[in-house]
Amino acid sequence: MPPGRAERLGQVRHLLWPSIRTMRWGAFLAVTSVGAAAVGSGARNDADPATIALPVATVLLGAWLCFLFEDAAATMTAASPTPLALRRAVRGAIAVAAVGAVWVGYTWLGPLDGPTGPMTWSFGAIVLVALGAAAAWTRVVGAARAALPATASLVTVVIVAPVAVSILLERRASIDPATPPVGTPGSYWATVAAVAVVILLLGHLDLARPPIVRFGRRRVFVPRRGAPAVLRSSR
Amino acid sequence: MAVALRTAIGDARSGAIPSADVRPRAAIVAGLGRIEARRLVRHPTFWLGTAFGLTLTRGVVGAGSGSSGSTTLAWLAGGLALGMLVGTLLSANVAALRSRRDRTGELYGSLPSPPEARTLGLLTGLAVGPVTIAIVLAAVAWAVFSRTEGLAEHTDLFLAVQYPLAVFALGAIGVGVARWIPTLLGGPIIVVLHTMTPLIWLVPWILPTTSEVHATWHMIYLVAVPVTWVALALARDRRTLIRFAVAAAALALGIVAAVQQTPPGGY
């Protein structure tokens, strides 16, 4: 019988402290400090930190998120009765809350006066791309080595691809969230976020659990007549 | 909890295989250096960093309309140089973290060579791989720039020598940071810290003579930085007084050089 809501909430409660304890808070502190220094010094010579410094600081926070699903004991915890998605949701919620709080702090540094629409859209997309890349690369290269390719994917999607697309379209290259290479900020970042969500969901298909959607008839092993006794007794 | 932690650390130390206490042999370091050089220059981080640097520079410069050929050439060389500097730092950082991420540190500890041999091997690989590529690039850039109007007056041996030294210095930073801060985030943090904060204007890596930088002090700075980080990386392998003393002396010299190299009116 599948566990009810109360059991799931109990699992979340039990997962909360171990998840907090096993996250890389030292690296988070370093990332936060360097990001704040970058945004603070982005206002040098009357420059606008929202155009380059803030996106780079946000990508650095995203890089920290790319390490979130690294787990040396993934093959052992895969057999746990708590679903992978729930375990990662707890971890992700804590991390995204921390990253969000720091990012909102960044948007008040120097001449900036709070998050604007494009900034918020891009932050949401960067978080989803980071989590999606981390989940997808965990599937491809294993849970112990996914962070590096995930970080490279994040930098490619958020910094290199907009510049490369702008060059191809002969437009002014920029990583400013307010001037995406194609479309409006809302439509561009929403598209990026939607693709990231699909990848994030696909990355959380739990191989150790029954599939959510089953295509075709379920195959049941039925030993043939005359098969060894050990197979017949296992029916 | 503190008692449990202390017990766990004590158990780990007593069960760990003691590292070999001999001097690293030159043949082993050279052999490891050849392997590490191949791995460093083949690593995607190295080439992607260079490609990203070129792409971003192309984006910053624009389509090139209205800019002269010499300006475009200077930006191209600058983008390639910047990309390779970042790629070297990141790939050296990843290479130095390999044994930790693969959890083979204890296994390597059982080898007859001391742990310093692996660190020196990685640094030799840095010199044989990325630094050699940097020397070739610097020589080509020097030859081309010397014949290009608008760039010839900024180009001399001083400019060409700085680039390989800066590549080695950043690679040594990557190795040293990986030894003391064993996370892959160390590399990106150093890159952002260096490029997005005033640090890059306080202690720039590559400057032409026409910037009026004090050449001798700048060269001392470019040598002091890798010496500091090499000593720190080796001090992580085995904590000896001499290694920390060398690191401290090189750091002090680097700070003095960074202050002394600044032109009278600033950069």
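Here is the naming used below: chain letters follow the sequence lines, and residue numbers restart at 1 for every chain. Atoms considered below: every heavy atom in the structure, side chains included; atoms not considered: hydrogens, waters and symmetry mates. All values reported here derive from a predicted model rather than from experimental measurement.
In this structure a side-chain-to-backbone donor-acceptor pair under 3.5 Å is present from A:Arg91 to A:Leu68.
We find that B:Asp237 and B:Arg118 are not joined by a salt bridge, their nearest charged nitrogen and carboxylate oxygen being 4.0 Å or further apart. Salt-bridge formation is detected for the pair A:Glu70/A:Arg24: a Lys NZ or Arg NE/NH1/NH2 atom is positioned less than 4.0 Å from an Asp or Glu carboxylate oxygen.
Looking only at atom types and distance, the side chain of A:Thr179 has a donor-acceptor partner in the side chain of A:Ser174 under 3.5 Å away.
Contact annotation: the side chain of B:Leu32 never approaches that of B:Thr124 to less than 4.5 Å [non-hydrogen atoms, C-beta and beyond].
Listed options B:Leu48, B:Thr45, B:Asp102 were ranked by heavy-atom pairs under 4.5 angstrom with chain A; first place goes to B:Asp102.
The contact between A:Val31 and chain B is made by backbone and side chain atoms together, counting heavy-atom distances below 4.5 Å. Neither the backbone nor the side chain of B:Thr195 has a heavy atom closer than 4.5 Å to any heavy atom of chain A. The parts of A:Ala37 that come within reach of chain B are both its backbone and its side chain, each placing non-hydrogen atoms under 4.5 angstrom from that chain. Heavy atoms closer than 4.5 Å to chain B are found nowhere in A:Ile175, neither backbone nor side chain. Only the side chain of B:Val94 comes within less than 4.5 Å of a heavy atom of chain A; its backbone N, CA, C and O stay farther away.
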